[in-house]
Amino acid sequence: MTELQDRQPAGDPVGAIAAPLEVRTAIYKMMVEMRGFEKRAYDLFLQGLVKGTSHLGLGQEAVAAGFGAAMLPSDYTFATYRGHNHTLARGAPMAAVMAELMGRQAGLMAGKGGSMHLTSVEHRMMGSYAIVGAHLTIANGAAWSSKLRHAGEVAVCFFGDGTTNIGAFHEALNLAAVWKLPVVFVCENNRWMEYTPISSVTAVEHPAADRARAYGLDPVLVDGNDADQTYGAARAAIEHARSGGGPALVEAETYRHGGHSRADPGKYRPDEEVEAWLGRDPIPRYRTRLLGAGVDEAVLVRIEEEAQAAVDAAAREAEASPPPDLSLVGADLWADGGSSWRS
Amino acid sequence: MAELTYRDAVARGIAQEMERDPSVVFLGEDVGAAGGVFKATVGLLDRFGPQRVADTPISEQAILGAAMGAAMTGLRPIAEIMFSDFFAVCWDLVANEIAKTRYMTNGQVSLPLVIRSANGGGVRFGAQHSQSVENWAMAVPGLKVVAPSTPRDVVGLLAAAVRDPDPVLFFEQKSLYPTKGEVPDGEIVDTLGTAAVRRHGRDATIVALAAMVPRALDAADALSREGVEVTVIDLRSLVPLDVTTVATSVVETGHLVTVEENPRLCGWGAEVASIIAEERLFDLDGPIVRVTTPHVPLPAADALEDAALPSVARIVDGVRRALQ
């Protein structure tokens, strides 16, 4: 894994774009907020306040943050059920996201979607999708619409390594390439397809990058734990797509610190592998990088304190929210606001 | 007024809506340059261009995903799934994504889209190209389900489906494509969820859908020669379901027969029967009879397929049983 430490973006069609210092600081802030938010979500899960299931992106923040910083407000995000961070990256309020995880009225969708379906159209967060593969095809649709409307919007679609083995991946990549759609596909390769090593069920070493050529695309492989690399690759891919160059496929190598979902401790993973990746945690790594770049530590400390305070406030606000009004059971199946199916 | 085939009505309906609203786009396999495998979309590519009439690869998931993503970002797509049997390879998009997204997002996302598909049997295509799958769609909350029986209704209901703010599955019965009917000139826009009374009689009520409507009307003619006068209701839409028209007729006739092309179990006739049994039991003067395809896949050979699908004789027999 050490060979990844200082890897530069490979095979990038345009060339990575370096972030100015204020963007890097903003990326750091995003990552710290994501980390604090998800740690709190996990605590609340253990307390029984976050119900059902949740899939944490602890350790993978540099992907959501790097891309989030590179997107324009008008660009679209499509994410998976591991989508808390991608939702926060678009500016969705932390309290509303936490309340959604807790099944409260103040939730982003008033509790009707839950952790796996976070959506905030206002922030162009067009949904978190819980069936592997589908949303790649849906992101194409948003990109197609953007192209037909000459809107200049780019759809950015995040997915896991496991997605590269489902048919919808192939259908979506092919159509995006044939129609030259402004869509960026981002594979977060965290090495584990749920409980199984991706390498043991995949014909190629790099599940996304090694398949790019099959769609006429350049392979792009980045260190997904390095926010400068994810930002640089994001800028390049998004600008390529926006300028009419068609889709891009980026594989970001990363690692989830926890298990697949809920209380899964992830014990099926070798200790030395976990240790090595914890040593490459994107947040302390980026902190060191920023200090080295001349950012005053006091600035970073303030970011960390403010993030913690924001998480505390969001959790308090979410906990104070009542459960959703029961009338919501029959609401909004149809555009008329109801769910009637007969006369 | 012009006489049009059911197939030409499809192209007319799509053209009417694309002409009216520049946000309407159309995509599917072989729909553009080839004019559709049933030649139901001939001329649309020439008229509206490749941006708005898009040929796709054989990728049903990609087709429906593109339609969904376009619908959530300002377009009103019409997607074609060539044969309704192919819904089985893209049902995730239909049932998990398109149907549920408005509800799950607490109304944030609107999906004004139409999925057209050639449905049903009678053309000897065998079990994987002949199914009537409207019941699959009816079973999923969040989908409107429409199935026209006449060329006029193809235009009017398709227009209503395109203008509807919710996802609509539009089932065209493929054996009806060559059939002809009068279609008024000018714009036609119908209303979803309204059944049509095609014939009026006081002795029994037949409720049918799509290709079973003309067959029920033939059965009504045969019964009339025996002195039995039946009402034939063309349901036209399963969701929304026009219970009022059916119930009003049952109150008058006291007898209900449903005629379904789909296999027996969980067919839409079972839902209609259960509603009438629950709400109008004391208006019934005999058992509710369901005439369906047996619970088997459709065989290919003409003799076998004809034996499997509800025939005029079986409908007549069903009415007689209801009246006993």
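Note on naming: letters A, B, ... go to the chains in the order of the sequence lines (proteins, then strands), and numbering restarts at 1 for each one. Everything numeric here is computed off the predicted structure, so don't read it as measured data.
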Okay, B/Leu111 and chain A: the region with an atom under 4.5 Å from a heavy atom over there is neither
Counting heavy-atom pairs under 4.5 Å to chain A, which of B/Pro112, B/Ala99, B/Gly107 comes out on top?
B/Gly107
Parallel, tilted or perpendicular, judged at 30° and 60°: which one describes the rings of A/Phe169 and A/Tyr215?
perpendicular
Is there side-chain contact between B/Trp91 and B/Val140, with at least one heavy-atom pair below 4.5 Å?
yes
Heavy-atom pairs under 4.5 Å with chain B are the metric here; pick the option from A/Leu333, A/Thr119, A/Val121, A/Asp336 that has the most.
A/Leu333
Chain A heavy atoms under 4.5 Å from B/Lys100: which part of the residue, side chain, backbone, both or neither?
neither
B/Leu27 versus chain A, heavy atoms under 4.5 Å apart: side chain, backbone, both or neither?
side chain
Identify which of A/Leu148, A/Asp332, A/Leu118 forms the greatest number of heavy-atom pairs closer than 4.5 Å to chain B.
A/Asp332
Side chains of A/Ser115 and A/His84: is there a donor and an acceptor less than 3.5 Å apart?
yes
B/Ser249 to B/Ile233 - nearest heavy-atom pair and separation:
CB-CD1, 3.7 Å
What do you reckon, is CD of A/Gln105 surrounded by more than 12 foreign heavy atoms closer than 6.0 Å?
yes
All heavy atoms of A/Ala168 vs all of A/Ala134, minimum pair found to be CB-N, 4.3 Å
Count the heavy-atom pairs under 4.5 Å between each of B/Leu238, B/Asn96, B/Asp166 and chain A, then report the option with the highest count.
B/Asp166
Distance-only polar pair, side chains of B/Arg102 and B/Ser110, donor-acceptor under 3.5 Å:
yes
Taking 4.5 Å as the heavy-atom cut-off, does anything in residues 85-103 of chain A contact chain B, and if so which residues?
none
Salt-bridged, A/Arg82 to A/Glu188, with N to O below 4.0 Å?
no
Pick out which of B/Val168, B/Ile81, B/Thr41 makes a side chain to side chain contact (heavy atoms under 4.5 Å, CB included) with B/Arg116.
B/Thr41
Please state whether the side chain, the backbone, both or neither of A/Ala139 comes within less than 4.5 Å of a heavy atom of chain B.
neither
Under 4.5 Å to a heavy atom of chain A? For B/Asp242 that would be both
Would you call B/Thr245 and B/Thr194 a side-chain contact if the rule is heavy atoms closer than 4.5 Å?
no
Can a donor-acceptor pair be found between the side chains of A/Arg124 and A/Ser74 at a distance below 3.5 Å?
no
Which atoms of B/Leu143 come close to chain A, meaning under 4.5 Å heavy atom to heavy atom: side chain ones, backbone ones, both, or neither?
backbone
Contact class of A/Leu328 relative to chain B, heavy atoms under 4.5 angstrom
both
Examine the side chains of A/Tyr129 and B/Glu97 and answer whether a donor and an acceptor come within less than 3.5 Å of each other.
no
Passes side-chain hydrogen bond (donor to acceptor under 3.5 Å, both in side chains), A/His135 versus A/Thr80? Steps please.
CA-CA 8 Å; A/His135 71 301; A/Thr80 71; 5.9 Å; no
Out of B/Gly69, B/Ala247, B/Ser237, which one racks up the most heavy-atom pairs below 4.5 Å with chain A?
B/Gly69
Which members of residues 155-164 of chain A, sorted by number, sit under 4.5 angstrom from chain B on a heavy-atom basis?
none
Is there side-chain contact between B/Leu235 and B/Trp268, with heavy atoms separated by less than 4.5 Å?
yes
Report the option among A/Gly113, A/Ser343, A/Ser145 that has the most heavy-atom pairs separated by less than 4.5 Å from atoms of chain B.
A/Ser343
Side-chain contact, heavy-atom cut-off 4.5 Å: B/Ile115 with B/Ile98?
yes
Contact part of B/Val246 toward chain A, heavy-atom cut-off under 4.5 Å: side chain, backbone, both or neither?
neither
B/Glu279 with A/Arg342: basic N within carboxylate O range, under 4.0 Å:
yes
Using a strict cut-off of less than 4.0 Å between a Lys/Arg side-chain nitrogen and an Asp/Glu carboxylate oxygen, indicate whether B/Glu17 and B/Arg163 qualify as a salt bridge.
yes
In terms of heavy-atom pairs under 4.5 Å, which option from B/Val239, B/Asp92, B/Leu64 contacts chain A the most?
B/Asp92
